[in-house]
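Notes follow the structure.
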Amino acid sequence: MGRNLRLSIFRYRSNRSKIEPRMQEYTIEEEPHMTIYIVLTKLRENQDPSLLFDFSCRAGICGSCAILINGRPKLGCKTLTETLPEEIVLKPLPTFKLIGDLSVDSGAWFREVNIRLESWIHQREPFDPSSEEERMSNKTALEIFESERCIECGCCIAACVPANMREDFIGAAGIYHVGRFMIDPRDQRDEAEYFKVVGMEAGIVTCTGLMECDNYCPQEIPLQEQIAYVRRRMLRSLFGWRRKSARA
Ligand code: SF4
Ligand code: FES
């Protein structure tokens with residue numbers, strides 16, 4: 001017989017503002033290889049059909065099941081109960097708009113940040129559908145692939161102290177997205193154009209290097225490496241401008 005898990009789960013519906021936020025207690029018997037996603041599904045099926053939480057792929061790919069598990073941002077579908085004590089506290093990720101209970105609207109946050117960062121390939125010439133495909137080396141393609149691994153779960157944002165203090169901060173995920181375009185030879189933005197989207201105060205300047213993003217990214221992306229790369233590029237461009245304006 002498995003352990004008796006005692007769960008304390010945050011409950012609140014933002015569209016029913018007369019009901020105060022509260023923690024609700026549940027118990028469930030632990031099963032082998034049980035994940036937090038399975039716990040929540042069983043609770044909803046057998047004890048409380050009103051429980052709200054997000055999931056889609058159940059395989060650590062879509063990023064939608066990220067929640068605070070005993071205070072730490074993690075994916076519910078990848079977190080085994082056997083790695084946790086018997087008492088488990090579940091809360092929604094902070095910094096994102098709360099929909100209800102454990103469900104937050106991280107999609108809206110990422111959409112807005114990606115628009116602000118202009119997360120698409122910028123080219124000077126108009127698109128010519130009859131032109132030949134542009135080739136790139138395997139090394140560059142692999143580097144770009146490595147910079148495309150973010151599943152937009154929001155764990156790095158939830159774990160980041162500056163992101164919790166400043167809601168317009170683009171966070172590690174935003175900086176990581178910009179770095180992906182910086183290494184893409186098809187993106188023809190110059191340093192001044194990149195500076196406009198990532199060099200501002202709500203960008204790279206707000207990162208204080210606490211590295212919590214690195215600690216909690218379920219994809220184990222080396223976020224601090226990418227942040228250091230973007231920071232170096234932005235510093236170089238800043239000194240370049242100063243030299244140019246000194247010469248003028
Ligand atoms: Fe999640 Fe990592 Fe992407 Fe941040 S960088 S949103 S922690 S996958
Ligand atoms: Fe998709 Fe967990 S359900 S990452």
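Reckoned from all heavy atoms, side chains included, excluding hydrogens, waters and symmetry mates. Atoms within a ligand are numbered from 1 in the order they appear, just like the ligands themselves.
Counting heavy atoms under 4.0 Å from ligand 1, residue I157 does not touch it at all. Proximity of R149 to ligand 1, defined as any heavy-atom pair under 4.0 Å, is not found for any part of the residue. Counting heavy atoms under 4.0 Å from ligand 2, residue I61 touches it through the backbone alone.
Within ligand 1, the atoms closer than 4.0 Å to a non-hydrogen atom of C217 are 2 (Fe), 7 (S), 8 (S), numbered from 1 in the order shown. If you number the atoms of ligand 2 from 1 as listed, the ones under 4.0 Å from a heavy atom of G60 come out as 4 (S). Residue contact check: C65 has heavy atoms under 4.0 Å from atoms 2 (Fe), 3 (S), 4 (S) of ligand 2. Residue contact check: G154 has heavy atoms under 4.0 Å from atoms 1 (Fe), 6 (S) of ligand 1. Under a 4.0 Å criterion applied to the non-hydrogen atoms of Q219, ligand 1 contributes the atoms 8 (S).
In the hydrophobic clustering of this structure, L52 does not group with Y26; members are Ile, Leu, Val, Met, Phe, Trp, Tyr whose side-chain heavy atoms approach within less than 4.5 Å, directly or through other members.
The shortest separation from a heavy atom of P218 to ligand 1 is under 4.0 Å, placing the residue in contact.
Here D187 pairs with R189, Y194 under the side-chain hydrogen bond (donor to acceptor under 3.5 Å, both in side chains) rule; sequence neighbours left out.
Protein heavy atom in closest approach to atom 3 (S) of ligand 2: R58 N, 3.1 Å. Summary of contacts: the protein heavy atom closest to atom 4 (S) of ligand 2 is G63 N, 3.2 Å.
Residue C57 counts as close to atom 1 (Fe) of ligand 2, with an N, O or S atom under 2.8 Å.
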